[in-house]
A.B. asks: 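My questions all concern the structure below.
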Amino acid sequence: MSKIHVTTTLNGDQVEYLCEPQETLLDILRNRLNLTGSKEGCGSGDCGACSVTLDGRLVCSCLVLAAEAEGREIETIEGMADGENLHSLQQKFLDHAALQCGICTPGFLVAAKALLEKNPDPTETEVRFWLAGNLCRCTGYDKIINAVMDAAAEMRGA
Amino acid sequence: MLPLKCGGRKMALYTGKRNFKVVGTRPPRPDGIDKVTGRALFGADLSAPGMLVGQILRSPHAHARIKSIDTSAAEALSGVKSVVTSADFDKASNSPNQDALDNCMARGKALYHGHAVAAVAATTAYVATQALKLIKVDYNVLPHVIEVEDAMMANAPIVQGGRRADNAPDGLSENITHYMSFGHGGLDEGFAKADKIIERTFKTAATHQGYIEPHACLATMGPDGKADLWCCTQGHYYVRELCADFLGMETSQLRVTASEIGGGFGGKTTVFIEPVALALSRKAGKPVKMVMNREEVFKASGPTVSSLTDVKIGMTKDGRITAAHAMLRYQGGAFPCGTIEFGLMSAFAAYDLDAVQAEGFNVMTNRPRQAAYRAPGAPVAIYPVEGVIDELCQILDLDPLEVRLKNAARKGTKSSYGPTFDDIGLVATLEAAQKHPHYLTPLGPNQGRGVSCGFWFNFGGNTSVSLNLNADGTVGIVEGNPDIGGSRASISQMAAEELGIPYEKIRTVIADTNSLGFNDVTDGSRVTFAVGLATIKAAQDAVQKMCSRVAKLWDIDEDAVVWEDGYAKPAGPNAGEFEPMSIAEIAAIANSTGGPIAGHHEVNADGAGVSFGVHLVDLEIDPGTGQTTILRYTVFQDAGKAVHPDYVEGQMQGGAVQGIGWALNEEYIYGPDGLLQNPGFLDYRIPVASDLPPIEAVILEIPNPGHPYGVRGVGETSIVPPLAALSNGVSRAIGHRMYELPMSPPKILKTIKG
Amino acid sequence: MRYAAPDSVSEAIKLLKSEPGVSRVLAGGSDILVQLKTGMAAPDLLVDIKQIPGIYDITQENGGYRVGAAVSGAALGEHAGVKAQWPGVIEAVELIGSTQVQGRATMAGNLCNASPAADSVPAMIAAQAIAHIVGPEGERDCPVQDIPLSPGRNSLAKGEFITSILLPARPENASDAYLRFIPRTEMDIAVVSAGVSLELDSSGVCTVARIALGAVAPTVLLVDAAAECLIGTKLDENALDAMGKACSAAANPIGDKRGTIEFRKDVVAVLAKRAAKIAQTRAGDQS
């Protein structure tokens, strides 16, 4: 099997890698690029723990082939904070105790950020349905929703 | 803060303390930033140079004799560095751990669909997968048995011979492994006093803890026989014990480091892949990384029991329970499973009964070996009891909370499982529920309200904590219990409270097995209680040592030095005039006063307080489809003392939602071939964010007499009430009682249509 | 497995056709990547069509809309024009998977994957959508209902693939709706579903009805007998009940881990009735 050479933009930086045809973007992020923030919870697009954005679109990286990233822009959890400065969502997750074990947290943050960029003033119902593809087993979602709503308000300057 | 008399080391049961400075507040957690930035390292996040990938070959049959395994073709494949089977583990050691080992790697028989049969380590995942395909296993397929009611029959296929309990009832199969009974009083007399008696049978399916992080480990074994194991686990000391046993090593040769853990809920309190990874590493002479995929997690880790239960309760027309009997039948997979004991003990625990008996047994089936799941055995034991009580309330037209109050266990009640209760919070939670606006809100058409109590014993257990003072006045706490819900914050809070210093000065870390004394697994809701207790005592130990150093410095008696608000001070004017000394000041000169100062405490903690809870749920059923919408959910629970209220609320909410999933949609589905049909998150349906309303958490605090601050464990109780709360709510909404879980829409619609 | 990303239709056709082994198309990938993982699909060549010019375009055509094969559900849902004209189709497509899956899943892929429970298909069939297919023998148009043959099998020949789907023009006083039943509120495969498209005359009487049922047979059922119950009526309770019964009678579901036969037959009637009422309201709102 010969490898495919891919050049892509990752969290604003140009990155190159070699991949097998069947490797997913998640495989490459974790195993080749040492970006272990995106997690594999299921490998089948059912849990959202591997969420990234691809050209600004929220996707499961386990359902994107590494080869498909050629020429695209990828954003992962590692790109969310600005140096030392946490994104509002990250801070609100901490403030609201919106994480217990934390394994689903990167996926939720990436997904919530994608929501607020598209809809800065969502209702609680809209937040819940947008995030339905992110499974959490620890929190019962309550504090996560509070954190997202609070972050949305802060980002709106409310 | 009450000044502590240094010199007197007498410790504390509940001190009566009510005014806390740090305990009860909501500071940020120490691992928080790492977890919101993706920096935190979980089980699968570590790699090592030269690392191999390990994968497991699993039985495609529900039950089969393994006649032979030919691994030669796999071994010959380029890139494969080692292959193991059960032959590579210590011979049947007759140790109590034999079942755990046989579950990790089948010995002679594949006992369930997905049972590990062989494993390989190879240079890439792709090579490993190809190698598994080359392993030839000669199976002799045997008849299988899956359900409780089938496995208990006299002519059922025998899952494992020679394991039958001596006291198993006559006429039942070889598969019965435990039989026991709890209770007191005369049942016949009791039932004779009842105005209404009902007897019902309930069924529950097996569920899975559903942690989002699959099991993962990185094992490195060197030619000198020493090994390092990185894994996500709730108890790395127990992992060390089991792995060392299975590999024939001394425990001190194996260092286990617990990664951050992506959920456990009891399912990561044992080993599955870790010994296999170690064995592969030993044979290959290289590190081996092994990660379960989601399908493997469902097939081959540890789901709950499933159950078939008969409950008979007699009640007077004004709501007093006169007698209660339950017959519980659990299956816990292909190995003997003792969870039935917890089920029997908890079934009637909430009630003050003169005549009560809970009896039952465990039966083996061709299913994966059960592991704990949050209050193991209790949810499916309490569900039928709370269901029958609710049905009696409907029949007798009595208020469900009033009836609970009438029969509630209190301080001094002899419990159904033996001990007499000390201070407990059941009445407080019931009264809080009664007064809450949720209970007083009117319901609309197709809506129902469900109520249930719940209970869990909580454990103490073996705990070691070490507390080190740094020259800059900061304090390092070393404990040995993986943090599954924010416990590092709570531990730090208790230490800060006890030492009288700010929370920010404390750093709590979880040590590897080489660096600290033994710790029992993070389970039984024990950490905030037992590790907290040990931390408080370690803090007091450090305080006593600091006071001793200061006394020498001031040249006064140790008795004359007290610790107050973070400072060593003279006990009174008679002791002399000395400037108070902070930890920083004392630690800075430690070199010259005797050396480094640390406190520590090792204990097998006793005195864990039980935690009671009450849940209220309002729901609406779509009469055309049977779908349930949860409108409102409120959790009331006694925490004794909520150290970090956010995390207590989190446990209450999280457990409630797991219970909701258990009640409505989660189940292991088997085909007639004994194969698991839904090993994935698509068809094993856990609640998603849009399924739920906000979950209101109301914390009650009835101090636990066995802890200096009154702390009770809270992590487990909250999964217990939802099963019956949902079932009672659905039953009332549709006007027909439901007796089986999960209450998926097809079942609800069928019941509605009669 | 090999991967190729041709940048023209002709190159893609050539790759797909000339592959001696099994060749498969990759658009959104939300079905095929799952199948690759489980081993249910093991193609020798995967042809990514997303570099083909125009494959992401949504264009107006003869009063309708032509949707490029790589348009994701998320992108389609953002198109105000398509949403206004075919709300039922849009709501069906938007139900496929999670928000993340929506970022990738396509109508064409959903159609060609030929799952009996595919969400977009009943609505597309009710809408009389037409697939534009290219292949070694040239280009052709094909009604979408002729694409799925049986679970997992479609009618495309080797070397053929869909480049776009046309949602046709529709008259005034017409609209559609799609409902599915799942046990949770999201994330489940449809247990049973119904796509209904209606045209009303100026007095509100139904003149055209198309009722397509999903997950109750190996492929979507377009139930003429159900449509006949509504035509000539104003969708009163009797008409709707008769339609529901016709749907239950036509349904031929299996019982599986997602639902019993009985349940599917009962609920398909409930959903068809509810979808019809929604489509009626929408059609009325347009006048």
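Quantities reported herein were computed from a predicted structural model and do not represent experimental measurements. Naming: A, B, ... by sequence-line order, numbering from 1 per chain. Values reported hereafter were calculated over all heavy atoms of this structure, with side chains retained and with hydrogens, waters and symmetry mates removed.
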A.B. asks: Shortest non-hydrogen contact from A/Gly133 to C/Gln100?
C.D. replies: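 Shortest heavy-atom contact: CA-OE1, 3.9 Å.
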A.B. asks: What closest approach, in Å, do C/Val101 and A/Leu63 show between heavy atoms, and which atom pair accounts for it?
C.D. replies: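 Taking every non-hydrogen atom into account, CG2-CD1, 4.2 Å.
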A.B. asks: What is the minimum heavy-atom distance between C/Ala27 and A/Glu68, and which atoms define it?
C.D. replies: O-OE1, 4.1 Å
A.B. asks: Between C/Leu26 and chain A, with a heavy-atom cut-off of 4.5 Å, which part of the residue counts as in contact: side chain, backbone, both or neither?
C.D. replies: side chain
A.B. asks: Side chains of residues 103-112 of chain A: which donor-acceptor pairs under 3.5 Å do they make with residues two or more places apart or in other chains?
C.D. replies:
{"unit_1": "A/Thr105", "atom_1": "OG1", "unit_2": "A/Gly102", "atom_2": "O", "d": "3.4"}

A.B. asks: Within a radius of less than 6.0 Å around NZ of C/Lys14, do more than 12 heavy atoms belonging to other residues, nucleotides or ligands occur?
C.D. replies: no
A.B. asks: Could you tell me which of C/Met187, C/Arg104, C/Lys37 has the largest number of non-hydrogen atom pairs under 4.5 Å with chain A?
C.D. replies: C/Arg104
A.B. asks: Quick check: does any side chain N or O of A/Ser44 sit under 3.5 Å from a backbone N or O of C/Val34, one acting as donor and the other as acceptor?
C.D. replies: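 Flag not set: sc A/Ser44 to bb C/Val34 has no pair under 3.5 Å.
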A.B. asks: A/Val64 versus chain C, heavy atoms under 4.5 Å apart: side chain, backbone, both or neither?
C.D. replies: both
A.B. asks: Which heavy-atom pair separates C/Thr99 from A/Phe129 by the least distance, and what is that distance?
C.D. replies: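 So the minimum-distance heavy-atom pair works out to OG1-O, 4.0 Å.
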A.B. asks: What part of C/Ser72 lies closer than 4.5 angstrom to a heavy atom of chain A: side chain, backbone, both or neither?
C.D. replies: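 For C/Ser72, the contact with chain A is made by the side chain alone.
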A.B. asks: Crowded around C/Glu11 CD? As in, over 12 foreign heavy atoms under 6.0 Å?
C.D. replies: yes
A.B. asks: What residues, two or more places apart in sequence or in another chain, satisfy side chain to side chain contact (heavy atoms under 4.5 Å, CB included) together with C/Asp31?
C.D. replies: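 C/Gln35, C/Asn113.
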A.B. asks: Between A/Leu65 and C/Leu46, what is the shortest heavy-atom contact and its length?
C.D. replies: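 It is CD1-CD2, 3.5 Å.
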A.B. asks: Is it the backbone or the side chain of C/Ala74 that comes under 4.5 Å from a heavy atom of chain A, or both, or neither?
C.D. replies: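 Contact with chain A involves both backbone and side-chain atoms of C/Ala74.
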A.B. asks: With chain A, which of C/Gln51, C/Gln102, C/Glu78, C/Lys50 has the greatest number of heavy-atom pairs at distances under 4.5 Å?
C.D. replies: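 Sorted descending by pairs with chain A, the first entry is C/Glu78.
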A.B. asks: Can you tell which part of A/Thr24 gets under 4.5 Å to a heavy atom of chain C, answering side chain, backbone, both or neither?
C.D. replies: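 Contact with chain C is through the side chain of A/Thr24 alone.
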A.B. asks: For A/Leu54, which atoms come within 4.5 Å of any heavy atom of chain C: side chain, backbone, both, or neither?
C.D. replies: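 The side chain, not the backbone.
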